[in-house]
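The structure under discussion appears below in the form of C-alpha cells.
All values reported here derive from a predicted model rather than from experimental measurement.
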Amino acid sequence: MKTVSGGVTAAKGFTAGGLHCGVKAGSKAEKKDLAMILSERECAAAAAYTLNRVKAAPLYVTMEHLEDGVARGIIANSGNANACAPASHENAQRMCAAAAAATGLAPEDFVVASTGVIGQTLNVSAIEAGVPALAAALKKEGGSDDAAHAIMTTDTAKKEYAVSLDIGGKTVTIGAIAKGSGMIHPNMGTMLCFITTDCAITHDLLQEALHAIVPRTFNRVTVDGDTSTNDMCVVLANGMAENPLIEWKDDGYTLFAQALHEVCGYMARRIAADGEGASRLVTCTVTDARSEEVAERLAKAVVGSSLVKAAMFGADANWGRVLCAMGYSKAPFRPEYVDVKFSSELGEILVCKDGAGVDFDEARAKAILSWDDVTIQVDLHEGESTVSCWGCDLTYDYVKINGDYRT
C-alpha cells in the first residue's frame, strides 16, 4: 500500500469540483460552498450515518437513493445543514434533481449531503443556479481539492487522502475527502466523508467493510461531546481497476478492507486534529485491556473529558484527570494496576505507576505535552486488547467560535 495524490479523483473514472454559489447569505465569493463528485460508471455504494435520532433531510433522501445499492455521484453543500428546516426534504430532492439535470442522469443516482447551521431554510435556488457551472467544471486534476474546500465549514484545513495497492494483479486506488471540526463525538460526529475507489467489489461486501471500519475509526473521535444531525460516510466503488470481483471474504477482501481502514483512520485523525480552536491532536491509547470494548470505552472517556482536554491545552501533566475520566467511564478495570505515560515526538514520561503518582520532571513533561501531537498511554496490565481514540485540546477559541456560530 502506498500514498498517492488526487484524493477522490485518484481512482479511475472519477471527477470532482467545487465552487461558490452563495448558499449562506453574506459569505465571501472565494469560499466554495457547493461540491460534486461523479463517476463515469455506475458504482456499488455503501454508507454509514449519524446515530443521532434527529437526522437531517439529506440523510433520509440518500437512504432512499441507496436502497438499490448503487449510485453515480455525490452533491453536497456547506453553509446550511438543511436540517430541522422548512421544506428540507423537498430541498434535498431538488439538489439531486439539479445534479441529475446537469449530468444527464437520474436524481436517484445521487447521494446528497449538507453541512452548516441547523434550522434555517436552505437557499436551494442558489444551489440550483450553481449546479450547471459546477457540473461543467468537473475535472480529474484539482477537482478533489476544489470539492474538499467546498464542504469545509469551520475547518481550518482541507482533509484529503488516497492510497493505492495491488489486488489480483491490478492497481486499486481508494481516495477520500472529509470535513469535520466541531460538533464531533463518537458515533460519527459532525463529519462528512466521501470515499471513492475503482475496486471491483459487491455492494454487500462494500457495506460490510464500511460498517466494520467506521466504529473503529470515525466513531473513536471526539472533539466536544456533540453528535451532529448530518454525519455521513459514503463509499462509491466503480470497478474500473478491473481487479477480480471481490464477492467473497478472500485475500482480495482483506487487502481492500485494510486499505479502507487506513483511509478512514487517517481521516479520523485529521478531523480530531482540526477540532474547533484546537492547538494539538490528543490520542489516548489503552493497552492490555480485558477486551476491545473496555479499552475503547476508557480511551473515549479520557479524550472526551473536558478537564483532560483543558490540561492538554495548558501542557499540564495532570494525570489524575486521566484516572478520574477512566473511573466514571463505567468500564471495568483495576485502578491499582494502571500505568500512565505522556508522549510525543520529544519522548515519553511515566507519570503514574500502579495507580499512584511517581516523581517525574515537570519541565520535561510540559515540553512533551507542548508538542502538536501528543499521546496519553494507559496500560491496564489486565489483558491483550489495545484501542486508540482521538480528540484534541480545549482552547479559548472553541468558545469564541461556537458562541456566535449562527449569527
Side-chain angles (χ1 to χ4, degrees), residues 184-186 215-217 219-225 265 268-269 272-273 275 277-396 398:
I184 293 179
H185 186 59
R216 290 173 169 82
T217 54
N219 285 4
R220 288 180 176 170
V221 175
T222 184
V223 167
D224 53 15
R269 294 189 296 274
S279 65
R280 54 181 56 88
L281 171 65
V282 179
T283 302
C284 180
T285 299
V286 174
T287 61
D288 295 339
R290 302 179 193 182
S291 68
E292 185 174 331
E293 180 184 359
V294 167
E296 180 179 298
R297 189 180 297 180
L298 291 168
K300 280 182 179 179
V302 172
V303 293
S305 163
S306 294
L307 288 177
V308 171
K309 291 156 64 68
M312 293 300 99
F313 171 57
D316 179 10
N318 194 337
W319 59 268
R321 292 181 177 179
V322 174
L323 261 66
C324 178
M326 294 169 60
Y328 61 64
S329 70
K330 297 183 180 180
F333 72 100
R334 295 188 178 185
E336 65 272 20
Y337 288 0
V338 174
D339 296 343
V340 179
K341 295 179 181 178
F342 294 128
S343 65
S344 69
E345 288 192 18
L346 296 181
E348 68 176 31
I349 189 166
L350 179 70
V351 293
C352 170
K353 177 70 174 175
D354 297 329
V358 298
D359 291 333
F360 61 90
D361 185 334
E362 288 279 3
R364 182 165 179 267
K366 189 172 187 66
I368 288 171
L369 292 178
S370 295
W371 205 250
D372 60 4
D373 186 344
V374 301
T375 298
I376 302 169
Q377 302 177 38
V378 177
D379 193 337
L380 301 183
H381 297 289
E382 289 189 301
E384 298 180 349
S385 295
T386 297
V387 165
S388 291
C389 291
W390 305 281
C392 61
D393 57 348
L394 179 60
T395 72
Y396 309 124
Y398 179 83

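- Between T285 atom OG1 and W390 atom CH2 the span is 8.5 Å, to the nearest 0.5 Å.
- Closest of all the heavy-atom pairs between R364 and E348 is NH1-O, 2.9 Å.
- In terms of modelled atom types and a separation under 3.5 Å, the side chain of D339 and the main chain of D379 share no donor-acceptor contact.
- Atom CG in D288 sits 6.5 Å away from atom NE2 in H381 (nearest 0.5 Å).
- Here the OG1-CG distance, from T375 to L369, works out to 10.0 Å after rounding to the nearest 0.5 Å.
- The main-chain N or O of I368 is found under 3.5 Å from a side-chain atom of S344 such that the two form a donor-acceptor pair.
- Taking CH2 of W319 as the reference point, atom CZ of F360 lies at 8.5 Å (rounded to 0.5 Å).
- When atom types are taken as modelled, the side chain of K300 and the backbone of N219 share a donor-acceptor pair closer than 3.5 angstrom.
- Counting only distance, with no hydrogens or angles, the side chain of S385 and the backbone of E292 share a donor-acceptor pair below 3.5 Å.
- Two residues are said to be in side-chain contact when any heavy atoms from C-beta on lie closer than 4.5 Å; E336 and D354 fail this criterion.
- For the pair V302 and M326, the tightest heavy-atom approach, listed with the atom from each and the gap, is CG2-CG, 3.7 Å.
- Checking side-chain atoms of K366 against main-chain N and O of G314 turns up a donor-acceptor pair under 3.5 Å.
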For this session: Check the pair I376, T283 against side-chain contact (heavy atoms from CB on, under 4.5 Å), reporting the backbone distance first and the verdict last.
Result: CA-CA 6 Å; I376 302 169; T283 302; over 6 Å; no
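- When every heavy atom of E382 is checked against every heavy atom of Y337, the shortest pair comes out as CG-CD2, 3.8 Å.
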Exercise. When you look at E293 and R297, which way does the salt bridge (charged side-chain N to carboxylate O under 4.0 Å, His left out) test go after all the steps?
Worked result: CA-CA 6 Å; E293 180 184 359; R297 189 180 297 180; 3.3 Å; yes
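- The two residues A299 and V387 make their nearest non-hydrogen contact at CB-O, 4.4 Å.
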For this session: Could you go through the side-chain contact (heavy atoms from CB on, under 4.5 Å) check for T287 and Q377 one step at a time?
Result: CA-CA 8 Å; T287 61; Q377 302 177 38; over 6 Å; no
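- Note that the CG atom of L346 and the CH2 atom of W371 stand 5.0 Å from one another [nearest 0.5 Å].
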Problem set entry | side-chain contact (heavy atoms from CB on, under 4.5 Å) assessment of F313 paired with L394 | CA-CA 6 Å; F313 171 57; L394 179 60; 5.6 Å; no
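- Shortest non-hydrogen contact noted between C389 and V303 is O-CG1, 3.8 Å.
- For the pair V351 and F342, the minimum side-chain heavy-atom distance is below 4.5 Å.
- Interatomic distance, R220 CZ to E296 CD, rounded to the nearest 0.5 Å: 4.0 Å.
- Looking only at distances, no side-chain donor or acceptor of S305 sits under 3.5 Å from a matching main-chain atom of A301.
- Proximity of a side-chain donor or acceptor of K309 to a complementary backbone N or O of C392 within less than 3.5 Å is detected.
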Exercise. What do the steps show when you test V378 against V322 for side-chain contact (heavy atoms from CB on, under 4.5 Å), and what is the final call?
Worked result: CA-CA 9 Å; V378 177; V322 174; 4.1 Å; yes
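- Minimum heavy-atom separation, V358 to C352: CG2-N, 4.0 Å.
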